[in-house]
Amino acid sequence: MNTAAQILLSKINPGFTSTISSRISADKAVSDFVDHLVWLKNRHVKKAWQQKYIVDQTFNTIGIVRNDADIMAHCRVHLAVATNQLKKIVIRMKGEASQISEESLKRYGDVLSDYAFDLMPIATHLGRKTDPDYVFMEGMKNRHVMSSEIFRFSKQLARQSTVQTAEHQADHKISQIASVFVLRQALELKFQRLIGVMLYNREFEMPRLDHGFHYNFVLKNPGFFSFKAVEFSLLRRIFSWCNLIVHRAYQPWAWQVDYAHEVCEGFFAPRESEPGTMWSIHNAVEIRDLLTMQRLFVDHVLKLEKIEKDGPWATDFRDPEAMVIS
């Protein structure tokens with residue numbers, strides 16, 4: 001089979017057969033694959049969407065689509081996001097060169113393979129809407145991850161913290177999943193530090209709060225928080241998606257991880273400010289009436305039955321990772 005996706009895969013892995021891949025350069029194989037996605041996107045994506053709609057579709061955790069209209073919407077958005085993210089990868093692959101080299105293709109081979117396999121059901125569904133004989137590619141990948149693989153990756157991370165060698169290079173699939181693990185932890189920590197309250201008992205132990213406790217407090221008290229660079233609803237969707245990956249440990253689609261980082265960037269990075277105005281490295285979020293918010297959080301924690309019995313508790317009010325307005 002000589003589709004653009006199949007030719008690309010055969011350039012990356014000789015186990016995928018193509019009668020012409022050996023005569024095609026790495027640059028052309030990648031370019032033809034991207035061009036095909038752009039062609040397919042132009043046929044099926046006819047309008048621009050609001051970012052909230054894109055995020056909701058890209059990180060949908062429901063897992064059930066009820067009708068063909070839902071399926072088409074799901075496929076269109078994922079195709080558009082995947083194409084845009086892949087174009088950014090191609091720019092990195094080229095670097096300062098005018099074309100993609102064989103060496104660059106080899107180094108990016110794993111993620112390009114992910115794009116091809118992950119896009120197969122999406123492209124096939126869209127393509128066959130207008131051409132019943134359309135074929136994107138054939139084949140499948142195993143996205144299931146065993147707990148033993150996560151354990152081995154944990155050991156690998158420990159080794160990498162001791163010595164950096166080619167022998168200890170991280171596994172591609174597990175690295176993608178671990179990236180979501182760490183993103184979830186970064187989001188959770190950021191929500192905790194937006195509030196800026198620590199509690200300790202006599203043993204200097206902190207209360208055992210549920211995962212997402214601080215996030216849920218922010219969710220239920222929006223009046224104190226103003227998200228300037230990224231809408232909270234987008235963070236909410238991505239945080240829920242991260243939780244799904246963390247608890248089920250399956251490999252996400254290749255473009256989801258990059259897009260999640262792209263959306264969340266505005267939550268962690270400082271914004272530019274107008275000349276002469278106040279600036280803070282934490283100005284992505286503004287907080288009003290800080291002390292009232294922090295006292296409300298303490299009351300909320302101490303009302304929990306499982307927390308109350310481990311007290312009494314001392315409170316430590318800290319500067320939040322946010323710009324305090326009043």
Side-chain angles (χ1 to χ4, degrees), residues 1-49 53-60 62-91 93 99-100 105 108-144 173 176 250-259:
M1 181 179 294
N2 291 324
T3 68
Q6 205 77 26
I7 291 171
L8 176 63
L9 286 174
S10 65
K11 287 291 294 184
I12 296 168
N13 184 346
F16 285 89
T17 58
S18 172
T19 58
I20 63 173
S21 62
S22 60
R23 304 194 301 272
I24 293 179
S25 68
D27 185 76
K28 181 168 175 54
V30 175
S31 297
D32 286 352
F33 179 62
V34 175
D35 288 346
H36 181 75
L37 296 181
V38 171
W39 170 81
L40 193 62
K41 174 186 170 186
N42 290 340
R43 296 191 75 180
H44 292 279
V45 179
K46 301 298 184 182
K47 61 181 181 180
W49 301 299
Y53 178 78
I54 297 173
V55 171
D56 282 347
Q57 287 288 341
T58 305
F59 303 103
N60 185 349
I62 297 175
I64 298 175
V65 286
R66 294 175 173 80
N67 52 53
D68 188 62
D70 289 344
I71 296 173
M72 289 297 291
H74 181 80
C75 290
R76 288 189 184 108
V77 171
H78 275 285
L79 175 64
V81 172
T83 303
N84 292 338
Q85 294 300 320
L86 182 57
K87 286 179 179 179
K88 296 173 184 178
I89 290 176
V90 170
I91 293 173
M93 291 178 71
Q99 293 187 335
I100 294 172
L105 179 63
Y108 284 84
D110 284 340
V111 72
L112 292 176
S113 295
D114 281 341
Y115 267 87
F117 283 114
D118 292 347
L119 280 165
M120 184 175 68
I122 294 168
T124 301
H125 185 82
L126 292 173
R128 290 184 180 174
K129 281 293 178 180
T130 54
D131 179 6
D133 297 323
Y134 172 85
V135 176
F136 181 73
M137 58 168 277
E138 293 180 349
M140 61 182 296
K141 77 171 186 179
N142 175 23
R143 63 179 66 249
H144 175 71
K173 179 166 65 173
Q176 283 184 322
Y250 67 85
Q251 187 181 16
W253 280 337
W255 54 89
Q256 288 180 300
V257 179
D258 283 344
Y259 187 53

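All residue numbers refer to positions in the sequence shown, counting from 1.
- The shortest heavy-atom contact between Y134 and G127 is CD2-CA, 3.6 Å.
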Just do the side-chain contact (heavy atoms from CB on, under 4.5 Å) check on D70 and N67 with the steps written out, would you?
CA-CA 5 Å; D70 289 344; N67 52 53; 3.3 Å; yes
Decide yes or no on side-chain contact (heavy atoms from CB on, under 4.5 Å) for Y115 and L8, but give the supporting numbers first.
CA-CA 11 Å; Y115 267 87; L8 176 63; over 6 Å; no
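- To the nearest 0.5 Å, the span separating CD on Q256 from OH on Y259 amounts to 11.5 Å.
- Nearest approach of D118 to P252, heavy atoms of both residues: OD2-O, 4.0 Å.
- At least one side-chain heavy atom of V135 sits less than 4.5 Å from a side-chain heavy atom of R128.
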Candidate pair V34 and V90, rule side-chain contact (heavy atoms from CB on, under 4.5 Å), full reasoning:
CA-CA 9 Å; V34 175; V90 170; 3.9 Å; yes
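- Atom-to-atom distance recorded for K11:NZ and L112:CG is 12.5 Å, nearest 0.5 angstrom.
- In this structure, K28 places its NZ atom where only 12 or fewer heavy-atom neighbours from other residues, nucleotides or ligands lie under 6.0 Å away.
- Taking every heavy atom of both residues into account, H78 and Q57 meet most closely at NE2-O, 3.4 Å.
- Here the CH2 atom belonging to W255 is positioned 11.0 Å from the CD1 atom belonging to I89, to the nearest 0.5 angstrom.
- By the 30° and 60° cut-offs, the orientation of the rings of F136 relative to H36 is tilted.
- Under the 4.5 Å side-chain criterion, counting only non-hydrogen atoms from C-beta, K88 is not in contact with D258.
- Taking CG of L126 as the start and CG of L79 as the end, the distance is 6.0 Å to the nearest 0.5 Å.
- A donor-acceptor pair under 3.5 Å is absent between the side-chain atoms of K173 and the main chain of Q251, judged by distance alone.
- In this structure, N13 contributes its side chain and L9 its backbone to no donor-acceptor pair below 3.5 Å.
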Would you sort out whether N84 and K41 count as a side-chain contact (heavy atoms from CB on, under 4.5 Å), showing the intermediate values?
CA-CA 10 Å; N84 292 338; K41 174 186 170 186; 3.3 Å; yes
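- With rounding to the nearest 0.5 Å, the separation of CE in M140 from CE in M120 is 7.5 Å.
- Q6 places no side-chain N or O within donor-acceptor distance of the main-chain N or O of T3, the cut-off being under 3.5 Å.
- No side-chain heavy atom of W253 sits less than 4.5 Å from a side-chain heavy atom of V81.
- The minimum heavy-atom distance between L105 and A26, with the atom names listed, is CD2-CB, 3.7 Å.
- Between D32 and I7, the closest side-chain pair of non-hydrogen atoms is not below 4.5 Å.
- For the residue pair A82 and L119, the shortest heavy atom distance occurs at CB-CD2, 3.8 Å.
- Distance check: T124 OG1 to E138 CD gives 9.5 Å after rounding to the nearest 0.5 Å.
- Residues M137 and F117 meet the side-chain proximity criterion, which asks for heavy atoms closer than 4.5 Å.
- Although no hydrogens or angles enter the test, the distance criterion places no donor-acceptor pair under 3.5 Å between the side chain of D114 and the main chain of A254.
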